[in-house]
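Below, all heavy atoms of this structure are taken into account, side chains as well, without hydrogens, waters or symmetry copies. Values in this document were obtained by computation on a predicted structure and should not be read as measured data. Numbered from 1 within each chain, the chains take letters A, B, ... in sequence-line order.
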2 protein chains.
Amino acid sequence: MEVTGHMPAQDAPRARSASIWDVARVAGVSQQTVSRVINGKARVSEATRARVLQVIAELGYRPNRLAQALAGGPVRSVTVLTSDTALYGAAATLRGMEEAARTAGFSVGISVLERTSGQADIALRLNRPGEAVMVIAFDDAGVRALRALPADVPVAAAVERRPDDGPDDPWQVWLDDRAAAAHATRYLLGLGHRTVHYVAIPSSTSALPQRTQGWQDALRAAGRPVPEPLPGGWSPRSGYLAVRSLLADRSVTAVLCGNDDLALGVMRAAREAGRDIPGDLSVVGFDDSPPSAYLNPSLTTVRLDFEGLGRACFGLLHRRLDPQNAPAVPAWSEPELIVRESSGPAPA
Amino acid sequence: MEVTGHMPAQDAPRARSASIWDVARVAGVSQQTVSRVINGKARVSEATRARVLQVIAELGYRPNRLAQALAGGPVRSVTVLTSDTALYGAAATLRGMEEAARTAGFSVGISVLERTSGQADIALRLNRPGEAVMVIAFDDAGVRALRALPADVPVAAAVERRPDDGPDDPWQVWLDDRAAAAHATRYLLGLGHRTVHYVAIPSSTSALPQRTQGWQDALRAAGRPVPEPLPGGWSPRSGYLAVRSLLADRSVTAVLCGNDDLALGVMRAAREAGRDIPGDLSVVGFDDSPPSAYLNPSLTTVRLDFEGLGRACFGLLHRRLDPQNAPAVPAWSEPELIVRESSGPAPA
DNA sequence: GTAGGTGATGTTATCGGTCACATTCGTTCT
DNA sequence: AGAACGAATGTGACCGATAACATCACCTAC
């Protein structure tokens with residue numbers, strides 16, 4: 001066998017782990033053949049394949065992802081762009097994405113967006129131009145990041161709402177927040193509440209958030225008064241502050257919250273205002289975050305399948321990267337109202 | 001200029017983004033000089049440097065991380081191995097790690113450990129041999145992963161407890177759970193409780209968890225009876241189940257919990273048993289997870305600086321990778337008991 | 001005046017793969 | 001039997017960088 005310039009020095013002390021060359025040499029084939037075996041693309045005789053596979057096992061060889069990617073191999077890594085992973089929705093979506101990606105043999109990177117992340121900043125988070133990306137765009141920072149991504153990066157996104165301007169982007173997934181909010185609102189009206197107040201999470205776009213719209217839809221459809229939505233943030237504290245003054249008004253008997261954390265704050269405000277839940281006041285949350293079932297009172301809330309959404313988002317990306325071989329995009333569950341102790345009939 | 005074999009074809013349509021060669025050509029220098037400017041290592045004349053930097057800006061050139069890594073450049077990426085990011089401690093630690101790493105110019109990967117992840121599995125999660133790793137080893141899966149890592153990978157870990165067997169690993173950080181648990185226990189004893197029961201989180205090792213030990217330390221030091229620790233899991237449900245039967249016994253007046261989720265379950269069990277918190281029963285948690293302050297009653301708990309721990313863990317790794325230039329490892333806060341509504345004087 | 005040192009820069013090998021194309025060889029077709 | 005064909009495999013360029021070594025001009029020192 002000739003020693004070409006590309007061959008690793010035979011005499012140099014080898015601290016590195018096995019490369020494709022080592023496998024090729026031991027198996028007595030060219031490195032290209034090894035590459036073929038690894039990728040299973042081109043045809044290799046059964047005998048050769050078996051021998052190569054055996055050598056691979058013996059040497060404990062594993063392809064270097066970096067080299068594969070650099071050489072223009074198939075994309076096998078994704079970076080997830082997300083803001084505040086402290087929020088249940090984002091964290092659960094991330095879990096779903098990571099699980100699906102890892103299962104499919106992808107390595108996943110994560111990069112948390114700061115509120116101030118500018119457009120220039122976004123490109124810096126990619127390891128190389130063209131790297132695949134998933135964006136969790138439930139809030140403003142995420143949406144901005146999604147928009148700031150160069151056109152040539154393959155991206156899939158989990159979004160709060162489909163953008164109503166411009167053509168539909170087929171590489172997005174979302175939950176039907178609007179219908180879910182409407183459903184929850186109808187549920188409360190069905191309990192005899194005259195109307196329902198709403199504490200909103202911040203919008204991801206300039207438009208009205210889906211949950212807010214759904215709530216309005218239901219009130220309007222039922223011909224009920226539509227109170228001004230109360231602007232909240234993401235935290236219990238912001239929910240607490242949003243309704244603090246409102247709760248003195250005993251005619252307020254039902255509050256729908258944009259997420260469970262807000263509901264937590266609302267329930268505390270209610271306690272301090274001397275309102276009884278659910279006797280005096282019904283509170284309904286959104287998300288079904290883990291503690292909800294164990295709160296006092298336990299929280300009626302809309303369960304959202306964030307993990308499923310995350311898995312689907314990856315499924316979408318996978319199909320975008322490899323339309324031929326990627327499996328079908330898995331379905332995710334519809335939002336579901338989970339009735340617990342915090343909601344009940346309107347006071348007489 | 002001669003066209004060597006390594007030069008990109010001049011005539012081929014260029015879809016790719018600028019490489020170091022493009023910069024070199026436009027600036028009229030060799031690519032090596034560009035590399036020097038980028039890395040700032042070797043000396044380059046001021047004039048040349050300025051010209052190259054300008055061309056870089058003009059072309060919007062950014063070095064390809066993959067290529068840098070492959071070519072043996074400095075390590076600029078970390079993979080975090082963690083189990084269940086649904087748990088507050090792991091999630092917060094991850095946040096701290098990611099923030100610190102990103103700030104330092106590292107890209108961070110994440111790989112979630114399944115309960116069943118075997119040793120072979122671990123190696124598969126690395127993009128290349130020798131890749132830097134951080135492990136969140138608060139539980140069994142994390143500790144196993146830490147142990148399964150090949151000796152040659154640069155790793156830093158956030159652990160529940162320093163291993164008592166074998167020499168101290170200088171590349172680990174931890175919180176003083178033991179002292180914190182002892183402190184919380186003493187606090188409860190100081191309120192007049194005869195003894196304190198403890199609902200334990202699963203241990204990360206075969207030894208007694210730090211929190212359990214601290215609790216025992218305090219009881220023993222005070223000469224109080226040491227009840228059998230109640231084995232719990234990580235979830236509210238497991239806390240609920242662990243104490244369900246116990247709470248019928250009115251002599252049980254104080255319960256310390258291994259985390260806030262367990263405390264949530266305990267509080268629900270107390271409610272169902274007709275116990276009043278804090279009148280009848282004091283409950284203290286661990287972690288100070290975000291909802292704690294807004295629970296009903298709000299939860300007395302031990303605040304742990306997981307984010308700081310995560311940042312410190314990265315700091316440690318950074319020093320390990322680059323002892324010369326890495327900044328000092330940032331300090332993190334000591335555990336702190338946050339007294340809220342769920343704890344009070346022992347019933348008369 | 002010439003050897004030796006130093007700063008600035010170019011050249012070549014290399015990292016660990018993939019891709020496009022060339023080559024080999026047993027078969028089948030005419 | 002000769003050509004054409006396709007399966008199996010090898011060869012060399014290339015991805016985008018870094019590292020080691022070579023070069024070159026200029027200056028200082030003996």
Side-chain angles (χ1 to χ4, degrees), chain A residues 1-9 12 14-25 27-49 51-52 56 59 61-76 127-131, chain B residues 1-9 12 14-25 27-49 51-52 56 59 61-76 127-131:
Chain A
M1 173 178 280
E2 254 196 13
V3 177
T4 77
H6 227 81
M7 294 280 299
R14 284 241 322 282
R16 291 189 302 281
S17 60
S19 82
I20 201 173
W21 282 98
D22 301 310
V23 176
R25 181 160 32 76
V29 298
S30 75
Q31 41 88 13
Q32 180 59 228
T33 299
V34 177
S35 173
R36 287 183 178 115
V37 170
I38 293 171
N39 298 303
K41 283 300 181 187
R43 347 187 29 125
V44 177
S45 77
E46 204 41 60
T48 309
R49 169 190 311 282
R51 184 152 33 90
V52 169
I56 284 178
L59 268 49
Y61 164 79
R62 290 198 327 101
N64 181 321
R65 286 285 180 74
L66 270 49
Q68 287 184 313
L70 181 58
V75 179
R76 289 217 167 297
N127 285 324
R128 61 158 189 173
E131 162 146 308
Chain B
M1 173 178 280
E2 251 195 18
V3 177
T4 77
H6 226 79
M7 293 281 300
R14 284 240 321 282
R16 290 189 303 282
S17 59
S19 83
I20 200 173
W21 282 99
D22 302 310
V23 176
R25 181 160 30 76
V29 297
S30 75
Q31 41 86 10
Q32 180 59 228
T33 298
V34 177
S35 173
R36 288 182 179 116
V37 171
I38 294 169
N39 298 302
K41 283 300 181 188
R43 349 188 24 122
V44 177
S45 76
E46 203 41 58
T48 308
R49 170 190 309 283
R51 184 152 32 90
V52 169
I56 285 178
L59 267 51
Y61 164 79
R62 291 198 327 102
N64 181 320
R65 284 282 179 75
L66 271 51
Q68 288 183 313
L70 181 59
V75 178
R76 289 218 168 295
N127 284 324
R128 59 156 190 179
E131 163 145 307

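- Atom CD of A:Q31 is separated from atom CD1 of A:I38 by 10.0 Å, given to the nearest 0.5 angstrom.
- Residues A:A24 and A:S30 come closest through the heavy atom pair CB-C, 3.7 Å.
- Separating the CZ atom of A:R76 from the P atom of C:dG17 is a distance of 14 Å, rounded to the nearest angstrom.
- Across all their heavy atoms, A:S17 and A:D22 have their closest contact at O-OD2, 4.2 Å.
- Whole-Å rounding puts the A:I20 CD1 to C:dC15 P distance at 13 Å.
- When the local axes at the two ends of the helix from C:dG1-D:dC30 to C:dT30-D:dA1 are compared, using 5 base pairs at each end, they differ in direction by 50° after rounding to 10°.
- When all heavy atoms are compared, the tightest approach of A:Q68 to A:N39 is NE2-OD1, 4.3 Å.
- Nearest heavy-atom pair across B:V23 and B:I56 is CG1-CG1, 3.8 Å.
- As a whole-Å value, the separation of B:E131 CD from C:dG16 P is 14 Å.
- Contact record, A:V44 with A:R36: CG2-CB, 3.7 Å, taken as the closest heavy-atom pair.
- The nearest whole Å value for the distance from the CZ atom in A:R25 to the C1' atom in D:dT11 is 18 Å.
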Quick one: which protein N/O atoms are closer than 3.5 Å to N/O atoms of nucleotides 4-11 of chain C? Pair and distance per line, please.
residue : atom : partner : partner atom : Å
C:dA8   : OP2  : B:R43   : NE           : 2.9
C:dT9   : OP1  : B:S45   : OG           : 3.3
C:dT9   : OP1  : B:T48   : OG1          : 2.5
C:dT9   : OP2  : B:S45   : N            : 3.0
C:dG10  : OP2  : B:S30   : N            : 2.9
C:dG10  : OP2  : B:S30   : OG           : 2.9
C:dG10  : OP2  : B:T33   : OG1          : 2.8
C:dG10  : N7   : B:R36   : NH1          : 3.4
C:dG10  : O6   : B:R36   : NH2          : 2.6

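- Within a heavy-atom distance below 4.0 Å of DNA chain D, the residues of residues 63-71 of chain A found are A:L70, A:A71.
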Taking only N/O atoms, report every protein-nucleotides 25-28 of chain D pair under 3.5 Å with atom names and distance.
none

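- Atom CD1 of residue B:I20 and atom OG1 of residue B:T33 lie 9.0 Å apart, to the nearest 0.5 angstrom.
- Partners of B:E131 by side-chain hydrogen bond (donor to acceptor under 3.5 Å, both in side chains), not counting sequence neighbours, listed by chain and number: B:T79.
- Here B:R76 pairs with B:R65, B:F106 under the side-chain contact (heavy atoms from CB on, under 4.5 Å) rule; sequence neighbours left out.
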